[in-house]
Amino acid sequence: MEENKEALNFIEQIITNDLESGKHDNIITRFPPEPNGYLHIGHAKSICLNFGLKETFNGKTNLRFDDTNPSKEELEYVNSIIDDVHWLGFEYDNLFYASDYFEQLYEWAIMLIKDGKAYVDEQSPEVISIQRTNPTINGIESPFRNRSIEENLRLFEEMRVGKHNEGSMVLRAKVDMNSSNMHMRDPIMYRIMKKPHDRTGDKWCIYPMYDYAHGQSDYIEGITHSICTLEFEVHRPLYDWFLDQIDTSGKRPRQIEFARLNLSYTVMSKRKLLELVKENYVKGWDDPRMPTISGLRRRGYTPESIRNFADRIGVAKRENIIDVGLLEFFIREDLNKKANRVMAVLDPIKVIITNYPEDKTEILIAQNNPEDEKAGTRELSFSREIFIERDDFMENAPNKFFRLKPGGEVRLRYAYFIKYEKLIKDENGNIKEIHCSYDPESKGGKSPDGRKVKGTIHWVDSKNCIDAELRLYDRLFTKENPEDLEENKTYLDYLNPDSLKIVNAKLEKSLEIAKIGEKYQFERKGYFCVDKDSNSKKLVFNRTVDLKDSWAKIVKNG
RNA sequence: UGUCCGAUGGUGUAACGGUAGCACUGCAGAUUUUGGUUCUGCCUGUCAAGGUUCGAAUCCUUGUCGGACAACCA
C-alpha cells in the first residue's frame, strides 16, 4: 500500500516549520467568535481548521468569546455557539472570554499611556475620521495627541469610573498618523459604553476595541497561531504593534489569514443572516434554509458531512465561491451509508389491483439499507388498494419511460409486478385511479419465469399508511452570488419565493414511531429527517436533499 | 487614487525548479428490485508578455484582472 501522504495546506506548512525550527514545542489555536449571531457553515470551516490543527499537531484549542461589545452581544448566542461546536464533534481545551482579561488589558493601557504611546482624545468620531484623511495623503494629528502623561492618566481613569459621557472621549494608541495603512493612524483602543455586560455586569463602562483586545488576549492564552480571515490582513501590523508593546521575546502569537468560505446561492454575513431572521424572511436562525450550523442540523445534515466538506474545500488565500452542490454531495455520501430506506409517496394517486382479493392484507419483507447488511429488515403491509407517485404513471409515455404506463409492466418495490389495465377519470378528465392487475407469482419482486421488468416504483398500502407533512426546501436565493448586485437591487431581491414547499404525503406505517431528528431515505425521493415541529398527532419531515435524478435530467435535456 | 493580498479545467484544491494530479460537476457506458448506490472511461486548466535556467505553474521584471482596508464593529 502506498502511504497516504496528505498535502499540507499553507498553515500546516507554517506550523510544521515552526515545530521543526524549535520556535514552538507545541501549538495552541483558538476559535474566537463574537457572540452576536449564530454560527454558520463559514464558521464551521474555521472551527474545523483550528480544531483540526489541534488534532494534527497534538496541540490545544481554546474557545474564546470575543465579547468586547455589549451593545451587540447576547447570552443566547453564547449558548448556541457552544452547542454548535460540540455538535460538530469538537472539544475545546479551555472556554475563555475576552472579558476575562479586561483588568489586564486596562493595566496594559495604563502602561502604554505611561510610555507615551496612548492618549485620550476628546474629539468626535466625525472629526477623528476626517483627520485620518485617506491613505494617499498624510493624516492630521489630534490636538490632544501630545497632552501630558499625567492628564492622560487622569482622564482615562475618569473614563473608567464613568465620569464622562458616551462618545465624549476615547483612548487612542499613538502609532503613526502618516501610515499608508489606515489602521495604524492612531487606532482607538477604548470607547465609553454605558451598557452592562453579560459577564462583567456594570463593572466597566469602557470597553476595548477588537484590535487592541484580540492580540493581547491571544498573548495571555499563549496562542501560537492566531488564524483569522483575509479581511484582517491589513490589521496584522497593528496586531504586531500592540504585541511589541508588551513582549519582545518573539515567542508570540502569529496572525495568519485565510480565505473565508463562500457558498453559492446563499449569504454568509452575520448582518444579513440576522436581517433574514429579524425581518421574518425565514423562521429563525435554525430555519432549515439557513446556512447556519443549527439550520443545517435541523435540515438533516450530519456533523461528519460538514467536517468532510470542510476537509475537502481546503484552506488557501484566494477568494472562492464553493458550489453548494459539493455540500450536498457530502451529505448524500454520509446518509447513503447511514439512513434506513422507507417508502413515502409525496404526490399520491390510487392504484387498485383488480385481481387481488378484496379483504386480504399480507406482510412483505423489505431491506432497511442495501448499503448496510446490519440495518436489517422491516415489514410492509400490502393490499388491494395502494398509492403510488403521480408522476410514476404516464398515459402517453415515451419509450425511455419505464414506469407504469399503458401496455407496460412495472415492479412494486418488494411486492409484485403489476400491469396497467385501465384509467378512471373524473368529469374534468383528471385521473382518479388506475386499475392494474398483479402477477401472484411475482411476490417479492421476482418472477419465476425470469422475465425482466425494467422499472421499480415505490408505493404505500392505502389501508395501512400514515399522513405526514413534508417540507421541501430549495435554495434560499435564486442567484449564485446574491451579494453581486445589479443596479438598484439588494440581496433580498434574489430571495427564492419557492424555497419552501409543503406537501402532505402518505408514508409507510413503520414511520409511525419515527423520532425527532431521525434521518431516512425516502426511496427514489431523497433524504428526510423528522422535524422538531412533529407531535403525537402529526409527523413533520424536512427534506435534507433529494437524490440524484438521472430521469429528471433526461426529461430536461429532451 | 495609496498600501496590502491573490490569480492552476465549470467549481475548489495539489504539485516546494524535473511527467500538471485529486475531488465535485458534466458527458458516455456497465451493474442495479431505488432512473439511487457502485464501477469504467472521457472532456476541460497554469492571467499575459518578457527574462533567468538544460528545464518554470513554481524564481525575477512589467502589465492585466480580482479582492481587502479608509467603524468609538468584530
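It should be emphasised that the depicted structure is a prediction, and the values quoted were computed from it without experimental measurement. By convention in this document, chain letters (A, B, ...) are assigned in the order of the sequence lines, proteins followed by strands, and residues within each chain are numbered from 1.
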Sort out the partner of [N] for me: Watson-Crick or G-U wobble, both distances under 3.5 Å, none otherwise.
{"N": "B/C59", "answer": "B/G51"}
{"N": "B/U11", "answer": "B/A23"}
{"N": "B/G45", "answer": "none"}
{"N": "B/C65", "answer": "B/G6"}
{"N": "B/A28", "answer": "B/U40"}
{"N": "B/G35", "answer": "none"}

Which nucleotide in the set [options] lies at the smallest distance from any side-chain heavy atom of [X]?
{"X": "A/I321", "options": "B/U37, B/G12, B/G35", "answer": "B/G12"}
{"X": "A/I322", "options": "B/G12, B/U11, B/U34", "answer": "B/G12"}
{"X": "A/T456", "options": "B/C27, B/G35, B/U13", "answer": "B/G35"}
{"X": "A/K553", "options": "B/G26, B/A23, B/A14", "answer": "B/G26"}
{"X": "A/F329", "options": "B/U37, B/U25, B/U34", "answer": "B/U25"}
{"X": "A/R524", "options": "B/G35, B/G36, B/G12", "answer": "B/G35"}

A/E373, CD: over 12 other non-hydrogen atoms inside 6.0 angstrom: no
Phosphate OP1/OP2 of B/U34: any A/K525 side-chain N/O under 4.0 Å: no
Phosphate OP1/OP2 of B/A23: any A/N308 side-chain N/O under 4.0 Å: no
Result of checking A/F156, A/W204, A/Y207 against A/Y190 for ring-ring contact (aromatic ring centres under 6.0 Å, His included): A/F156
Under 4.0 Å protein heavy-atom contact, by nucleotide of nucleotides 63-74 of chain B - B base, S sugar-phosphate only: ----SSSBSBSB
Heavy-atom check, side chain of A/M177 versus side chain of A/R132, under 4.5 Å: yes
Sugar-phosphate only, base, or nothing, as touched by A/Y207 at under 4.0 Å among non-hydrogen atoms: nothing
Whether A/F382 and A/Y438 hold their rings parallel, tilted or perpendicular, with breakpoints at 30° and 60°: tilted
Residue mapping more 5' on RNA chain B - nearest nucleotide basis, A/Q13 or A/R411: A/Q13
Exercise: do A/E257 and A/Q255 side chains pair donor with acceptor under 3.5 Å: yes
